[in-house]
Amino acid sequence: KHFFTESNLIKNNIPFTTYNKDNIKKDMIIIRGLSIKDDNPEVIKSKELGLKTYWYNEMVGLLSEKYKTICIAGCHGKTTTTAMMSHTLGPVLGMNYLIGDGTGYANKENKYFALESCEYKRHFLSYKPYYAIITNIDLDHVDYFKDINDVVDAYTSYANNTTKMVIVYGDDPYTRTMNINKNIIYYGIKENNDIKATNIEYHKDGTSFDVIIKDKLYGSFNIPIFGEGQMLDSLAVISIAYLENIDSKIVNDNFSTFTGAKRRFTETIIGNNIIIDDYAHHPNEVKTTINAIKQKYPDKLIVAIFQPHTFSRTKEFADDLVEEFNAVDYTYILDIHPARERQEDYPDITSNIIIDKLNNGHHINIDEASKLVKKDNTVYIFMSPNDISKLEEDLKEILRSNYE
């Protein structure tokens, strides 16, 4: 009934309807979303009329040529990094942005464009980066990529599209294997990086660290982010700030008001309990999120609620997910969300291949929120790229009623 861009369309007086072939007129140019199938009535009508059609990534690629586009790619962290970039450097540089959490901003007078850039089916090769960021490389989208070498190949092609500079997380085991023929700098923690975070301290209110660039202190940062993953994401943003000659104190001040991307560690507090909504669906993302919770809430019980995304990903990463979820107190797993796949093609793959190996794992349905309620000092972490909001909202209602 509703979709995540709806509120922005309404706010900006942009009309929208359900799909209907009569919406398509002969003078239109069509932009087609990547998930729109050939049997869509509007697609059929646009083909009948011979209309010019751009795939979504092609249209965004044309936009990327008009600006100093900062493409942010990576198997994990690209949404958070793009949100950090727009929030922290946008006010200084004048920056349009398009983020995978459904948020964006555009002013044709701006010179910069921060763009979350997805590797799936090599869509990011449509873009023309001024700066290209790679936050990490990992095996994902196993329905498309043959193996990790195929993923590395895609990222290498993406990096070599860059006109100005490639900014790469240098402590990743795969990023150093790329054959990049462009200007490149590496950021990270280890000594062999060009831009290094040192004196790192994780505490309940955030993370503090110094940044050393070419053996000199660029700046000291104390910002409200949690876990090593977010700290590294911020280092990618700081790298751009350095390359654009922005004072580190301005960067630190702007970071101090960063509250996160939508559905990335989004928190609701009810009494002594915390409900966190997060997009995590890959084992490394799950690990990052759990570690961040343990940093921020070291004294609370942790209950994880997870819906696996696609049968192929669940099959590939079941054991890794088990390892990560065994680090929390309780785990509840919903049935697998099939997305573009079919259960009949994976007859032996269900959420039980995770549940059966967990130390304290349980199955849960979308209408069984009462199962989740534990002691009154708990962090509930909902992790899924899918819509499991009913379960989350029902839990909030139960917890609020307990405080009335």
Side-chain angles (χ1 to χ4, degrees), residues 1-73 78-79 82 96-130 132 141 143-146 150 153-155 157-163 310 312 337-342 345 385-387:
K1 294 180 179 179
H2 301 281
F3 53 97
F4 78 109
T5 53
E6 185 175 320
S7 60
N8 282 330
L9 293 170
I10 293 170
K11 183 173 64 178
N12 291 285
N13 298 313
I14 298 171
F16 59 91
T17 73
T18 55
Y19 292 122
N20 187 320
K21 64 183 178 61
D22 294 333
N23 293 332
I24 306 302
K25 312 298 182 185
K26 65 180 181 178
D27 57 346
M28 287 182 171
I29 294 173
I30 305 299
I31 300 167
R32 180 176 172 181
L34 298 169
S35 63
I36 306 300
K37 303 292 191 289
D38 286 340
D39 60 358
N40 182 288
E42 297 187 356
V43 170
I44 293 170
K45 182 65 175 292
S46 66
K47 287 182 176 180
E48 290 175 354
L49 295 176
L51 300 182
K52 175 64 179 177
T53 299
Y54 294 101
W55 286 101
Y56 163 84
N57 52 301
E58 293 174 332
M59 179 273 294
V60 177
L62 293 174
L63 285 176
S64 71
E65 296 177 2
K66 298 178 180 293
Y67 302 92
K68 293 182 176 179
T69 296
I70 305 168
C71 285
I72 298 96
K78 54 184 173 286
T79 298
T82 312
N96 303 325
Y97 56 88
L98 186 56
I99 310 175
D101 65 2
T103 56
Y105 173 77
N107 181 330
K108 64 182 179 181
E109 303 302 322
N110 284 340
K111 294 181 179 179
Y112 291 81
F113 178 21
L115 171 62
E116 179 174 343
S117 306
C118 183
E119 76 278 11
Y120 183 56
K121 293 188 176 179
R122 288 172 164 80
H123 289 149
F124 58 8
L125 299 189
S126 300
Y127 309 148
K128 299 297 184 289
Y130 183 72
H141 300 300
D143 60 323
Y144 170 73
F145 289 110
K146 296 189 292 289
D150 195 21
D153 177 77
Y155 275 91
S157 299
Y158 155 78
N160 285 329
N161 273 346
T162 309
T163 60
T310 74
S312 59
H337 186 277
R340 52 194 170 266
E341 298 176 345
R342 303 183 307 166
D345 295 329
N386 316 308
D387 182 7

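Values reported hereafter were calculated over all heavy atoms of this structure, with side chains retained and with hydrogens, waters and symmetry mates removed.
With sequence neighbours excluded, no residue forms a salt bridge (Lys or Arg N to Asp or Glu O under 4.0 Å) with K26. Every residue two or more places apart in sequence or in another chain that forms a side chain to side chain contact (heavy atoms under 4.5 Å, CB included) with A339 is listed here: H309, T310, H337. A search for salt bridge (Lys or Arg N to Asp or Glu O under 4.0 Å) contacts involving K121 returns nothing, not counting sequence neighbours. Every residue two or more places apart in sequence or in another chain that forms a salt bridge (Lys or Arg N to Asp or Glu O under 4.0 Å) with D345 is listed here: R342. Contacts of Y155 classified as ring-ring contact (aromatic ring centres under 6.0 Å, His included), with partners at least two apart in sequence or in another chain: F124. Partners of D153 according to the side chain to side chain donor-acceptor pair (under 3.5 Å) rule, which considers only residues two or more places apart in sequence or in another chain, are R122. Residues that satisfy the side chain to side chain donor-acceptor pair (under 3.5 Å) test with N20, not counting sequence neighbours, are absent from this structure. Contacts of Y105 classified as side chain to side chain donor-acceptor pair (under 3.5 Å), with partners at least two apart in sequence or in another chain: none. Shown here are the side chain to side chain donor-acceptor pair (under 3.5 Å) partners of N161, two or more places apart in sequence or in another chain: there are none. For the side chain to side chain contact (heavy atoms under 4.5 Å, CB included) test, residues two or more places apart in sequence or in another chain that qualify with E48 are I44, K45.
Not a single donor-acceptor pair under 3.5 Å links the side chain of T103 to the backbone N or O of I99. E341 contributes a side-chain N or O that, together with a main-chain N or O of S312, makes up a donor-acceptor pair within less than 3.5 Å. Judged by distance alone, the side chain of N12 and the main-chain N or O of I14 form no donor-acceptor pair under 3.5 Å. With hydrogens and angles disregarded, no donor-acceptor distance shorter than 3.5 Å links the side chain of T162 to the backbone of N160. Remark: side-chain polar atoms of N40 are not paired, donor with acceptor, to backbone N or O of I36 under 3.5 angstrom.
Remark: E119 engages K78 in a salt bridge, criterion side-chain N to carboxylate O under 4.0 Å.
Taking 4.5 Å as the limit, every side-chain heavy atom of L34 sits out of range of all side-chain heavy atoms of Y120. You'll find the side chain of L98 reaches within 4.5 Å of the side chain of V60, heavy atoms only.
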Can I get a per-line list of side-chain donor-acceptor pairs under 3.5 Å for residues 49-58, giving both atom names and the distance, sequence neighbours left out?
residue	atom	partner	partner atom	Å
T53	OG1	L51	O	3.3
N57	ND2	S126	OG	2.7
E58	OE1	W55	N	2.8

List the atom pairs, with distances to 0.1 Å, where a side-chain N or O of residues 62-73 and a protein N or O form a donor-acceptor pair under 3.5 Å, not counting sequence neighbours.
residue	atom	partner	partner atom	Å
S64	OG	G61	O	2.6
S64	OG	K128	N	3.0
T69	OG1	S64	O	2.8

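Side chains of N110 and Y97: no donor on one and acceptor on the other come within 3.5 Å.
Atom OH of Y112 is separated from atom CG of N96 by 12.5 Å, given to the nearest 0.5 angstrom.
The local environment of OH in Y19 is sparse, with at most 12 non-hydrogen atoms from other residues, nucleotides or ligands closer than 6.0 Å.
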